[in-house]
Amino acid sequence: MEDKVRQIETEGLQAISSAQNLAALENARIKYLGKKSEFTGLLRSLGTIDPEERPKVGALINEVKTKLEQSLCHKKIVLLQSEQSKKIEEEKIDVSFPGKGIKRGRMHPITQVMNEAKDIFLGLGYEIAEGPDIETEYYNFDGLNIPPDHPSRDMWSTLFVADDVLLRTHTSPVQIRVMKKRKAPLAIIAPGRVYRRDSDATHSPVFHQLEGFLVDKKVTFGDLKGTLTEFLRQMFGEDKKVRFRPSFFPFTEPSAEVDVECMMCKGKGCRLCKGTGWLEILGSGMIDPNVFTAVGYDPEKVSGFAFGMGIERIAMLKYGIDNIRLFFENDLRFLEQF
Ligand code: DAH
């Protein structure tokens with residue numbers, strides 16, 4: 001019996017010391033000290049041996065049991081420590097590792113160009129006014145000297161919401177709204193969305209315009225030319241030539257369209273400017289006396305100029321974009337270039 005106990009001691013200590021992890025150690029404990037182990041069996045059979053031998057064998061069994069338990073305990077601490085340090089090593093954070101980049105949003109190119117145009121006029125002392133997208137015929141047409149049966153209404157492909165209610169075809173109705181409410185002198189810009197029944201590579205049913213007008217005593221065509229030339233130089237570059245060309249709008253007399261030297265060919269003539277060397281940027285003119293009368297101003301006492309421009313068109317020319325839909329499809333590969 002003593003030999004058996006010694007053999008269990010040797011094997012048990014060996015198994016404990018060679019355990020590679022906590023699971024293997026637990027297996028060794030069950031095998032050598034567990035309830036169903038050979039060792040526990042020997043302990044139970046103590047009663048059956050010779051009473052003379054019993055104290056000696058009993059002491060030996062206790063001694064071996066203590067040794068095995070101590071060895072188990074010691075090994076457990078060693079394994080726990082090594083498992084913990086392994087875990088720490090694995091979970092270590094490298095604080096010098098570069099972080100994930102945070103994606104930055106940006107202004108839509110149309111917003112950017114609109115803001116640029118607004119800033120130029122704010123710098124010239126203009127203030128911003130707004131009007132509704134849904135208008136009545138009066139503000140969109142009649143008040144602007146465009147009577148119901150007049151062919152000049154054909155200049156705008158209007159989207160009607162109901163009889164007498166329409167989506168404004170231009171920002172010019174803001175002129176009427178502001179002048180009806182306020183007295184001259186006025187220097188106003190009106191940015192906003194406008195709508196037309198129009199859709200191709202350069203036309204969208206919804207687009208943006210910036211309207212502007214100035215009313216005071218003795219405002220001249222020279223003031224119009226000076227103001228718009230300054231605006232176009234700031235917008236397209238000091239070196240660009242600007243030209244005023246006679247035109248017609250019902251709400252201005254005389255009227256002029258304003259062209260800028262083509263930025264692609266520098267005036268030589270190319271596909272963008274259709275060989276003319278010029279790009280048409282905006283419409284303008286001296287406010288028609290009929291418009292002043294409609295808002296209750298005396299055309300003998302005040303004069304003024306007005307202008308309107310399409311923001312998408314300016315953005316397309318500035319950045320050489322040939323399809324207006326790119327602005328509204330929200331393809332990040334396009335938008336991220338601005
Ligand atoms: N409202 C015109 C359009 O949408 C643009 C315009 C032309 C506005 C001349 C004006 C102006 O104020 O004087 O086609």
Side-chain angles (χ1 to χ4, degrees), residues 114 117-118 121 124 126 128-133 135 137-146 150-159 166-180 186-198 202-216 219-229 231-232 242-260 279-292 294-295 297 299 302-314 324:
M114 182 66 103
K118 282 198 248 177
F121 283 107
L124 292 172
Y126 283 68
I128 295 175
E130 282 181 11
D133 288 20
E135 269 296 7
E137 283 191 62
Y138 175 76
Y139 287 105
N140 198 81
F141 293 127
D142 304 53
L144 288 161
N145 197 32
I146 313 168
H150 200 275
S152 61
R153 280 213 181 180
D154 284 350
M155 286 173 79
W156 297 273
S157 323
T158 311
L159 291 159
L166 49 81
L167 295 174
R168 66 177 177 189
T169 59
H170 49 184
T171 40
S172 304
V174 183
Q175 289 187 34
I176 308 300
R177 288 187 174 272
V178 173
M179 285 193 278
K180 274 196 170 252
L186 290 170
I188 304 284
I189 48 169
R193 275 201 191 110
V194 299
Y195 307 81
R196 288 183 200 177
R197 204 178 145 274
D198 238 353
T202 55
H203 295 88
S204 158
V206 184
F207 62 104
H208 299 79
Q209 281 191 339
L210 183 77
E211 185 83 12
F213 63 101
L214 180 138
V215 186
D216 203 346
V219 177
T220 68
F221 198 86
D223 296 320
L224 176 157
K225 280 187 79 175
T227 302
L228 294 179
T229 303
F231 166 74
L232 292 168
V242 169
R243 125 181 135 169
F244 290 75
R245 193 164 35 76
S247 185
F248 171 79
F249 296 102
F251 29 88
T252 46
E253 182 59 36
S255 303
E257 274 176 306
V258 190
D259 301 343
V260 167
L279 296 168
E280 185 189 313
I281 301 293
L282 52 82
S284 66
M286 301 305 291
I287 297 175
D288 195 288
N290 287 344
V291 173
F292 283 139
V295 298
Y297 284 14
V302 291
S303 59
F305 63 79
F307 52 90
M309 64 191 84
I311 299 301
E312 280 76 0
R313 177 165 169 81
I314 293 178
I324 198 167

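Counting starts at 1 for both ligands and their atoms, in listed order. Any value given below was found using the heavy atoms of this structure, including those in side chains, with hydrogens, waters and symmetry copies removed.
The closest donor-acceptor contact from the side chain of His170 to the backbone of Asn140 lies under 3.5 Å.
Other residues, nucleotides and ligands contribute at most 12 non-hydrogen atoms within 6.0 Å of the CZ atom of Arg193. Other residues, nucleotides and ligands contribute only 12 or fewer heavy atoms inside 6.0 Å of the CZ atom of Arg197. For Lys118, the NZ atom sits in a packed shell: over 12 heavy atoms of surrounding residues, nucleotides or ligands are nearer than 6.0 Å.
Between Thr169 and ligand 1, a contact under 3.5 Å exists for no N or O pair. Backbone and side-chain nitrogen or oxygen atoms of Phe307 are examined, and one is located within less than 3.5 angstrom of a nitrogen or oxygen of ligand 1. For ligand 1, one of its N or O atoms has an N or O atom of Ala306 under 3.5 Å away.
Of all atoms in ligand 1, numbered sequentially from 1 with element shown, those under 4.0 Å from a heavy atom of Gly285 are 13 (O). Counting the atoms of ligand 1 from 1 in the order shown, those under 4.0 Å from a heavy atom of Ser172 are 1 (N), 8 (C). Of all atoms in ligand 1, listed by their number and element, those nearer than 4.0 Å to a heavy atom of Arg196 are 3 (C), 4 (O), 14 (O). The ligand atoms of ligand 1 that sit less than 4.0 angstrom from a heavy atom of Gln209 are 3 (C), 4 (O). Near Thr252, with a cut-off below 4.0 Å to any heavy atom, the atoms of ligand 1 are 13 (O).
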Given side chain to side chain contact (heavy atoms under 4.5 Å, CB included), test Asp223 with Leu214 step by step and report yes or no.
CA-CA 9 Å; Asp223 296 320; Leu214 180 138; 5.6 Å; no

Check the pair Phe121, Phe307 against ring pair (Phe, Tyr, Trp, His ring centres under 6.0 Å), reporting the backbone distance first and the verdict last.
CA-CA 12 Å; Phe121 283 107; Phe307 52 90; 4.9 Å; yes

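Under the 4.0 angstrom criterion for non-hydrogen atoms, Gln175 is in contact with ligand 1. Heavy-atom separations between Met286 and ligand 1 are all 4.0 Å or longer.
Closest to atom 8 (C) of ligand 1 among all protein heavy atoms lies Gly308 N, 3.4 Å. In this structure, the protein non-hydrogen atom closest to atom 12 (O) of ligand 1 is Glu211 OE2, 2.7 Å.
When the options Phe251, Phe213, Trp156, Phe249 are ranked by their closest heavy atom to atom 3 (C) of ligand 1, first place goes to Trp156.
Ring geometry for Trp156 versus Phe141: interplanar angle of 30 to 60°, hence tilted.
For the pair Arg168 and Tyr139, the cation-pi criterion (under 6.0 Å, within 45° of the ring axis) is not fulfilled.
Tyr195 pairs with exactly one of Asp133, Thr158, Thr169 by the side chain to side chain donor-acceptor pair (under 3.5 Å) rule, that one being Asp133.
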